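Residue numbers start from 1 in every chain, and the chains themselves are labelled A, B, ... in the order their sequence lines are given, proteins ahead of strands. Values below: every heavy atom of this structure, side chains too, minus hydrogens, waters and symmetry copies. As the structure is a prediction and not an experimental result, all values here were calculated from the model.
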Amino acid sequence: MLDKKYNHKEVEKGKYKKWLDKEYFKCGDKSKEPFSIILPPPNVTGKLHLGHAWDVSIQDIVARYKRMQGFDVLWLPGTDHAAIATEAKVVAKLKKEGINKYDLGREKFLEKCWEWTEEYGGNIREEWANMGLSLDYSKERFTLDEYSVNAVNKAFIEMYNKGLIYRGKRIINWDPEAKTALSNEEVIYKDTKGAFYHIKYFIEGTKDYLDVATTRPETLFGDTAVAVNPKDDRYKHLIGKNIIVPIVNRVVPIIADSHADIDKGTGVVKITPAHDPNDFEVGFRHNLEQIVIMDETAHMNEETGKYNKMDRFECREKLVEELKEKDLLIKIEEITHSVGYSERTNVMVEPYLSEQWFVKMKKMCEDLIEMQKDKNKKVNFIPKRYEKILIQKAEECYDWCISRQLWWGIRIPIWYKDGEMKVSIESPGEGWKQDEDVLDTWFSSALWPFSTLGWAMEDDSLYKRYFPTNFMSTGYDILFFWVFRMMFQSQEFTNQNPFKECYIHGLIRAKDGRKMSKSLGNGVEPSEMVEKYGADALRYYLTTNSAAGLDLRFDEEKMASTWNFINKLWNASRFVLMNIEDLKKESLDNLKLEDKWILTKLNKTIKEVRKNMDKYELNLAGSTLYNFIWEDFCDNYIELSKSSLNDNTTKTVLLKVLTSILKMLHPYMPYVTEEIYSMLPIKDSESIMISSYPKYNKNNSYIDEEQLLNKVLEDVTNIRNLKVNNNITKESSIKLETSKDLESIYKNALKIKEEQLITGIPSDKEEYNYKSNYINITFYQDGKVINKELLISEIEKLEQSIKKRENLLANENYVTKAPAHVVELDRQKLKEEQEKLNYLREQL
RNA sequence: GGGCGAUUAGCUCAGUUGGUUAGAGCACUUGCCUUACAAGCAAGGGGUCGGGAGUUCGAGUCUCUCAUCGCCCACCA
């Protein structure tokens, strides 16, 4: 016997281990059609947050659904070394111990990183288990294992040989804290208070100066020109003359370049080719010298004279003082402008001239756009709009900086000796030195859908069977970081897209709509919710409370109401199990009206749920189930079944409906459905996980009976309403006229006792009547206080409705143009309303 | 500057190719311990679907426009 209350801790205990022991999560049944999902690998040293919990719930639902439909499902788990994020954490930890990364040396430092990975790597696996995820752990991968490293090397070498990867001295985004280059995607722009510093630049040999405005005065040490727009009449005469950079007193040319915007600031712009991406381009066009004025920690270098070794911000302050003193500062105009910060270390990014490795993007972006136009090859995005966003990104693509001056990662397979350069995994021989840099962590992630399957391994059988994968799910925040890059890399190396469907979900927000973050202290841990409400409740809540692609505000009240729903399921199951214990053999020979009704509703529900599951509309499938279970099954069918619980047919219907409900809920709520399923007296498999998903069966539909009981239940509601409104008690006498078939249903639903029934009409009582096509019922009791107001307002409402409908049906356009069944429904409805109106008028 | 999304009940949100009276959870009112469940049951109240215009027999849904909030990209001397 089940407990009276659902206890998620009891229910969830031990089940995951059992599934693992039985190897239900393992793929490989060749007799079945393959279906594959690759889990987006979380940061190995991170924690599972609610966003992950959402993401993995979606995937597990799809995996379990497909498995129950008879697919050979591979859901491959893995973790990411997350180069910069992990390295930053290890550096911070060492710092606390008073150890400097560079003193430790590369090899020792990597040992520390591996230790860290071992220590924290288990956390993630534990949290996957808590969520009940049906991952095939025998295929688990890590972005630094040989599957990934081999693939990265193979891909790099191929791209290098094709000329898709090149080395160049460019302005990149430099993180002076982590001392590494970043890709554009790793820079976050934030509005920051700053100022325009207007500085006097004297024209050579004159006492005239130009007002040059800059937000970064300290970069003047690197100025090698001042530019004006060639069309700017104010300065035309100065083009070709020289100007003197203040403080350093360097003589530089005044050049004409369209980069200078006539309407912006003073129209004069200083050019610092080594410290600004636009200036770099200008410098390139005009063949200007590039003077680097900072070191890799964003401290000033020897080019800056007395400011040498000073921090960039301190230098700015001191330099402005000096400019003031020397009367070179015209004014300081405070502004708010957006400034780039490093995604990981949160320090202000410095545009920095350095030698880096890049992936040439133009051709691959064009190919991606082309492939997206091919119906058979494209990735289907859910929701669709993300395809457009991706194409826009591809249209304005720029080259991808892939080298990172870090140690934790996959090293670039390039070797140098005496100015020569060779691409190779192993050292080409004596005296060759490998490039010091590692690759952007996203370079390995981009290959993930096929590297994990053994694309670069001798045994590529998994790759052959499961690639391309069927389904990918991820948040929109990594659309450009990851989805985009997986697509072009996969297209480059396999000529096809890495997945057929790509489900994009939003971000989890706090209840007030703000981002969940450590600093705000409003974060919610999934493990906390699992503890409090169970994994089943968390999974169902996350996947049924928003539409695809939109953010979700986390609301613990809804978690609680999800728990209530499971408790409802639990108790309905309790009721069914209590009453079918002795069911030996299923039998449906004696179907009553309510049996046909619930079986038809069930059949419709199966159809609807499957339709939505197939479209990955998990919220719609979920709410269809919710309504069916709570309203149709619990509130109506179970109540009606109570009068015939000894009947084998009733028992069978209860079992059948419950079994189907459990199966359809299983992808959402694996634990509780497994628990209840295990107690069913008759079932088709040892675990619900490996049972088959309910199928729509058109022979199981009794449309007429369904309609009839729907009407009867409407009557029941109306009669209950009449009773409530008029205070009709259990002691009232009742005259009941209805058909034989419906009598017991009405009696049951309205809880009419035999002794209340009378045949004559008592003269001294007041009467209350309700009549429809199926029933004519009158209640008699003393002391009538007619609720005239209520009756009148009801009549008024009805009259309005009738008028509206009559007008509609009088409209020839409507009658001729609208579909026949819609018009027919209106006619029927009108008839019913008119009958009801007559009735109400009589009562008044 | 370019683009995307949101705006529906007091709150948080669903709403499929345009088609009966726009739904749910929570909150609210009234009455019930009816032996599956009081974390429940029964009956209710509450919405001119952000504003305006258009297409249509018919618009929460399609088109245009305005507003507010949010996000992404680009620029940022």
Side-chain angles (χ1 to χ4, degrees), chain A residues 2 4-6 184 189 194 196-198 212-216 219 226-227 259-261 264-272 276 278-279 335-340 383 385-386 388-389 392-393 396 476-477 479-480 506-507 509 511 513 541 544-547 549-555 557-558 560-565 567-579 608 611-612 615 617 619-620 622-623 626-627 630 634-635 638-639 642 716-718 720-725 727 751 797 801 804-805 808 811-819 821-826 828-829 833:
Chain A
L2 267 61
K4 217 170 163 179
K5 261 189 190 140
Y6 161 57
N184 294 19
Y189 288 88
F196 269 134
Y197 298 89
H198 291 257
V212 178
T214 177
T215 52
R216 298 194 301 152
T219 61
V226 164
H259 165 62
D261 188 332
K264 222 169 191 175
T266 55
V268 185
V269 56
K270 67 191 209 58
I271 302 297
T272 322
D276 182 282
N278 287 313
D279 292 5
I335 53 154
T336 300
H337 58 150
S338 75
V339 176
R385 65 172 180 275
Y386 286 102
K388 212 170 128 192
I389 294 171
Q392 267 173 24
K393 167 81 180 175
E396 54 177 42
Y476 62 69
D477 53 327
L479 190 68
F480 300 152
L507 305 178
R509 296 180 174 279
K511 203 186 170 185
Y541 164 70
T544 59
N545 274 280
S546 75
L550 296 181
D551 290 351
L552 174 64
R553 289 192 194 196
F554 190 79
D555 183 352
E557 274 181 5
K558 288 194 179 184
S561 76
T562 303
W563 189 96
N564 288 354
F565 173 48
N567 189 50
K568 186 76 183 176
L569 172 74
W570 181 261
N571 275 291
S573 305
R574 184 167 177 262
F575 174 84
V576 174
L577 289 170
M578 273 164 61
N579 288 293
E608 184 73 9
K611 186 183 95 186
N612 285 316
K615 291 193 293 181
E617 301 261 23
N619 60 328
L620 297 181
S623 59
Y626 186 100
N627 292 331
W630 205 306
C634 293
D635 292 347
I638 285 185
E639 288 307 318
K642 284 177 179 172
V716 167
T717 299
N718 291 337
R720 283 172 179 161
N721 189 4
L722 178 81
K723 285 173 75 179
V724 168
N725 287 339
N727 247 326
K751 303 212 184 300
K797 269 188 203 162
S801 174
K804 218 172 120 189
R805 216 177 292 277
L808 188 63
N811 184 335
E812 211 174 300
N813 267 324
Y814 171 68
V815 178
T816 52
K817 287 186 185 172
H821 69 275
V822 174
V823 178
E824 188 46 40
L825 267 168
D826 265 314
Q828 264 179 40
K829 201 79 201 171
E833 282 175 339

| request: Would you kindly compare A:His259 and A:Arg553 by the position of their nearest RNA chain B nucleotide and give the one closer to the 5′ end? | output: A:Arg553
| query | Base, sugar-phosphate, or nothing: which does A:Asp276 touch, judged by heavy atoms less than 4.0 Å apart? | reply | sugar-phosphate
| Aromatic ring pairing A:Tyr386/A:Tyr476, orientation class (parallel under 30°, perpendicular over 60°, tilted between) | parallel
| So what does A:Val815 touch, heavy atoms closer than 4.0 Å: a base, only the sugar-phosphate, or nothing? | nothing
| said: At 4.0 Å (heavy atoms only), tell me whether A:Lys723 reaches a base, stays on the sugar-phosphate, or touches nothing. | reply: nothing
| Counting just side-chain N and O atoms, does A:Lys558 come under 4.0 Å of either OP1 or OP2 of B:C26? | no
| message | Can you check the distance between B:G1 and B:U17, where both ends of the measurement are the P atom (answer in whole Å)? | response | 35 Å
| field | 5' priority, RNA chain B, between A:Val339 and A:Ile638 [closest heavy atom] | value | A:Ile638
| query | Hey, does A:Lys817 reach any base, or is it just sugar-phosphate, or nothing, if we go heavy atoms under 4.0 Å? | reply | base
| task | Could you tell me whether A:Phe480 contacts a base, only the sugar-phosphate backbone, or nothing, with contacts defined as non-hydrogen atoms closer than 4.0 Å? | result | sugar-phosphate
| field | Distance in angstrom units between A:Asp555 CG and B:G25 C1', rounded | value | 9 Å
| said: Categorize A:Asp826 for me: base, sugar-phosphate, or nothing, with a 4.0 angstrom heavy-atom threshold over every strand shown. | reply: nothing
| query | So does A:Lys568 reach the base of B:C37 with its side chain, donor to acceptor, closer than 3.5 Å? | reply | yes
| With sugar-phosphate meaning primed atoms plus P, OP1 and OP2, does A:Tyr189 contact a base, only sugar-phosphate, or nothing at under 4.0 Å between heavy atoms? | base
| message | Taking any heavy-atom pair under 4.0 Å as a contact, classify A:Lys642: base, sugar-phosphate, or nothing. | response | base
| Any A:Asn721 side-chain nitrogen or oxygen under 4.0 Å from OP1 or OP2 of B:G44 | yes
| query | Is the phosphate of B:G44, meaning OP1 or OP2, less than 4.0 Å from a side-chain N or O of A:Asn725? | reply | no
| Checking all strands, does A:Trp570 fall into the base, sugar-phosphate, or nothing category for heavy-atom contacts under 4.0 angstrom? | nothing
| query | In the strands shown, is B:U68 matched to any nucleotide by a Watson-Crick or G-U wobble pair with both distances under 3.5 Å, and which? | reply | B:A6
| Proximity to the side chain of A:Asn619 - top-ranked nucleotide from B:A14, B:C76, B:C37 | B:A14
| request: Look at all strands and tell whether A:Asp261 reaches a base, only sugar-phosphate, or nothing, counting heavy atoms closer than 4.0 Å. | output: base
| Does a side-chain N or O from A:Trp563 land closer than 4.0 Å to OP1 or OP2 of B:C37, or not? | no
Identify all pairs in which a protein N or O lies below 3.5 Å from an N or O of nucleotides 4-10 of chain B, and state each distance.
unit_1 : atom_1 : unit_2   : atom_2 : d
B:C4   : OP1    : A:Lys388 : NZ     : 2.9

| said: Quick one: does any side-chain atom of A:Asn567 pair with a main-chain N or O of A:Tyr6 as donor and acceptor, under 3.5 Å? | reply: yes
| query | With respect to the phosphate group of B:G23, does any side-chain polar atom (N or O) of A:Asn627 fall under 4.0 Å of OP1 or OP2? | reply | no
| query | Judged by atom type as modelled, is there a donor-acceptor pair below 3.5 Å linking the side chain of A:Asp551 to the main-chain atoms of A:Leu507? | reply | yes
| request: Assign A:Glu639 to base, sugar-phosphate, or nothing according to its heavy-atom contacts below 4.0 angstrom with the strands shown. | output: base
| said: Looking at A:Thr215 and B:C76, is any side-chain donor or acceptor paired with a base atom of the opposite kind under 3.5 Å? | reply: no
| said: Is it the case that B:C76 (base atoms only) and A:Ser338 (side chain only) share a donor and an acceptor within less than 3.5 Å, ignoring hydrogens and angles? | reply: yes
| Reckon A:Lys393 touches a base, only the sugar-phosphate, or nothing at all at heavy-atom distances under 4.0 Å? | nothing
| Has the side chain of A:Lys751 got a donor or acceptor atom sitting under 3.5 Å from an opposite partner on the base of B:U34? | no
| B:U21 base / A:Lys829 side chain donor-acceptor hit below 3.5 Å | yes
| query | Donor-acceptor pair under 3.5 Å: do we get one between A:Glu617's side chain and the base of B:A14? | reply | no
| query | Which part of the nucleic acid, if any, lies within contact of A:Glu824, taking any heavy atom under 4.0 Å across all strands shown: a base, the sugar-phosphate backbone alone, or nothing? | reply | nothing
| task | Just compare B:A36, B:G40, B:U16 and give me whichever is closest to any side-chain atom of A:Asn564. | result | B:G40
| task | Remember a base hit wins even if backbone is also touched, and classify A:Ala547 as base, sugar-phosphate or nothing at under 4.0 Å, heavy atoms. | result | sugar-phosphate
